[in-house]
Number of protein chains: 2
Amino acid sequence: MKKHNFSAGPSILPQEVFEKASQAVLDFNGMGLSILEISHRSKEFIAVMEEARALVKKLMKLGDDYEVLFLQGGASLQFVMAPFNLMKEGGKAAYLDSGSWAAAAIKEGKKFGTVDVVGSSKEEKYSFIPKDYTVGTEYDFFHCTSNNTIYGTQMKDFPKTEVPIVCDMSSDIFSREIDFSQFGIIYAGAQKNMGPSGATLVVVKKDILGKTGRNIPSYLDYSLHISKDSMFNTPPVFAVYCSLLTLQWIENNGGISAAEARNNAKAKLLYDEIDSNPLFECFSVPEDRSTMNVSFYLTDESKKEAFDAAWKAAGISGLNGHRSLGGYRASIYNAMPIESVQVLVDVMKSL
Amino acid sequence: MKKHNFSAGPSILPQEVFEKASQAVLDFNGMGLSILEISHRSKEFIAVMEEARALVKKLMKLGDDYEVLFLQGGASLQFVMAPFNLMKEGGKAAYLDSGSWAAAAIKEGKKFGTVDVVGSSKEEKYSFIPKDYTVGTEYDFFHCTSNNTIYGTQMKDFPKTEVPIVCDMSSDIFSREIDFSQFGIIYAGAQKNMGPSGATLVVVKKDILGKTGRNIPSYLDYSLHISKDSMFNTPPVFAVYCSLLTLQWIENNGGISAAEARNNAKAKLLYDEIDSNPLFECFSVPEDRSTMNVSFYLTDESKKEAFDAAWKAAGISGLNGHRSLGGYRASIYNAMPIESVQVLVDVMKSL
């Protein structure tokens, strides 16, 4: 039976990525060796790493003032690396508190200096994106989360500021056209729109580095990783390879703009059903709705058993909401076909 | 043609690991989903993580005073995490300088406090393991590298000391019986004897933690990872799964003691050839020779072309020495069959 995987991450990837990755585990590139056993210093893997780094810049339309790294440790380690690399001793940074992950980043930032939370929707259960704030030049950087996986909200605009913008794009990277050159650092755990868990994408504008005077531990130092072409130590070879396969799939299917059009169509299909079906309601306000994670709940809890049975019977998995919020969450990342969204909508209509 | 992969890491893994991993990329456990797309919070992956953690403790014969973590970032991040978690502010630690990776750990340790190098073989190109040192109680911990991949040396004994021993076992973990309960922290990048790159094994004796008063960033805090059962953030799912497959293969083939017997037989076969063949010489002194990495060179450089052509023709790959040392390095990790070592020995004899 066909499965429809609505997991929030790790999550669905294109079927052709699974097929190519499975083959590479047996024999990579006709080398007679598994991708899991080849040296990261082999010319075959260096080609993978370099193509992946170049393709990220191409898809994002970024120039040579940016560098692309594939690191490890997820967004959680970036919560540490960003302030370590950007916040001066005794410095301060501005953070936007738009969800649990943003709050986790704030907690880490406070270990390095003063953190000003310039906007927060915490008191309203993160149901919207805080707006009407400014980020002055007194800050070393501004940190925000472009998409809030749990609550299903997404930043549609980013503030104009003279300080570097650090953006956690873990859950909507490569999903929509943005002027990526407005950011100082973009980071993302791979496991939503880019690949399997185990790789972390970091895009850095080089000229913002080297200004803190801190003695940064080597693995946490962006400049060191840049100087080693993202090969300071053994990279997560297989996760980088799968990320390359996914990036190639994005490019071969029209790039980010085509992905955005597909994502908008999927999101409209699902939000239209929620808005027209009295049994369902969104957690988030309409103007901040995410095109990646649709978080909703049943207005009539007595229908829960029937709904749960129906979507499971339809081959749907991963639809339960985050444990902190409850309800349901349909994650409809790049690789999710609209046909699977239609299956969910049909189940909702049938209730 | 059969390939004989002597790479130093990432490196050979058991063939059955490749086959099971390849299948799991298409369909994990009959779920109808790829191992790459399942949630790390699914009961199926939690079972993988818990079995892997338990099996490490079982193979190492460790009790409940130890905890097992699967993290990211490789040994390079452990060079940072170990002192962050164990060195008091203004404290000092003892390090053994037995190779380039030990030296890299020392460099990071110095960012956290005073480092006393209690022994070093650097001046003799790391051709032996420094001995005749003591580690007094004035240190917060003692750090050593059990096996030096580049130079082909291996610690046969560890010092008696009252302070916690932190040991980087990246290149000989699970290769030989050791009293693992003599260590405070054991860490290892997976990509030699345990799995593909992208997972880092950390074994921690719990009672040594929490004594520094430092405000440790979350991802770098062993105690936090322990409190979350190694699921503080999204783990490297596929690398952990492959590590479990390799751990199961070790257990099903007689455990560590049987692996040690196989490794000793392989190492003897190769060292006997080097000792008896006037064309070859080891970089390291006999008493410190590694059973994992055999680093050697040609005594007659005019034979280089013939030797290189002969081992390549025999299907051997990954035999070149580390770029910092030159010569050759045969990495004969757990998964390397003795038949492949025999192929190399036959080539050496034929020269």
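Chain A is the first sequence line, chain B the second, and so forth, proteins listed ahead of strands; every chain is numbered from 1.
For chain A, the option among B:P236, B:A335, B:S42 with the highest count of heavy-atom pairs below 4.5 Å is B:P236. Note on A:V237, A:N5, A:I216: by heavy-atom pairs under 4.5 Å with chain B, the leading option is A:N5. The greatest number of non-hydrogen atom pairs below 4.5 Å with chain A, out of B:P10, B:S39, B:A24, is found for B:P10. Comparing A:V17, A:I38, A:L13 by how many heavy-atom pairs each has under 4.5 Å with chain B, the most go to A:I38. In terms of heavy-atom pairs under 4.5 Å with chain B, the best-connected choice from A:P196, A:C242, A:A199, A:A104 is A:P196. Heavy-atom pairs under 4.5 Å with chain A peak, among B:K3, B:Q72, B:K2, B:E37, at B:E37. Among B:S11, B:G9, B:G195, B:G32, the residue making the largest number of heavy-atom pairs under 4.5 Å with chain A is B:S11. Ranked by non-hydrogen atom pairs under 4.5 Å with chain A, the options B:L77, B:T200, B:V240 are led by B:L77.
At a heavy-atom cut-off of under 4.5 Å, chain A is reached by B:S317, B:R323 from residues 313-329 of chain B, listed in order of number.
Of the two parts of A:F232, only the side chain, counted from C-beta on, holds a non-hydrogen atom closer than 4.5 Å to a non-hydrogen atom of chain B. Looking at A:I12, both its backbone and its side chain come within 4.5 Å of chain B, counting heavy atoms on both sides. Contact annotation for A:F45: neither backbone nor side-chain heavy atoms come within less than 4.5 Å of a heavy atom of chain B. If you measure heavy-atom distances from B:F112 to chain A, the contacts under 4.5 Å come from the side chain alone. Contacts of A:P83 with chain B are absent, with no heavy-atom separation under 4.5 Å from either backbone or side chain. Residue A:I35: no heavy atom, backbone or side chain, is found under 4.5 Å from chain B. Interface remark: A:A239 contributes no atoms to any contact with chain B (heavy atom separation under 4.5 Å). With a 4.5 angstrom heavy-atom cutoff, B:L220 touches chain A only via side-chain atoms. Residue contact with chain B, scored on non-hydrogen atoms closer than 4.5 Å, involves the side chain of A:S7 exclusively. Residue A:V80 touches chain B through its side chain alone, counting heavy-atom pairs closer than 4.5 Å.
Sparse packing is recorded around CH2 of A:W101, with 12 or fewer heavy atoms of other residues, nucleotides or ligands lying under 6.0 Å away.
With B:S22 contributing its side chain and A:S22 its backbone, the two residues share a donor-acceptor pair below 3.5 Å. B:S197 places a side-chain N or O within 3.5 Å of a backbone atom of A:P235 that can act as its donor or acceptor partner.
The shortest heavy-atom contact between B:V25 and A:F18 is CG1-O, 3.4 Å. Pairing each heavy atom of A:S218 with each of B:K107, the nearest pair is OG-NZ, 4.1 Å. Heavy-atom minimum distance, A:Y219 versus B:G73: CE1-O, 3.6 Å.
For the atom pair NE2 (B:H4) and CG (A:L33), the distance works out to 11.0 Å, reported to the nearest 0.5 Å. Here CD of B:Q15 is found 7.5 Å from CG of A:L26. Values are rounded to the nearest 0.5 Å.
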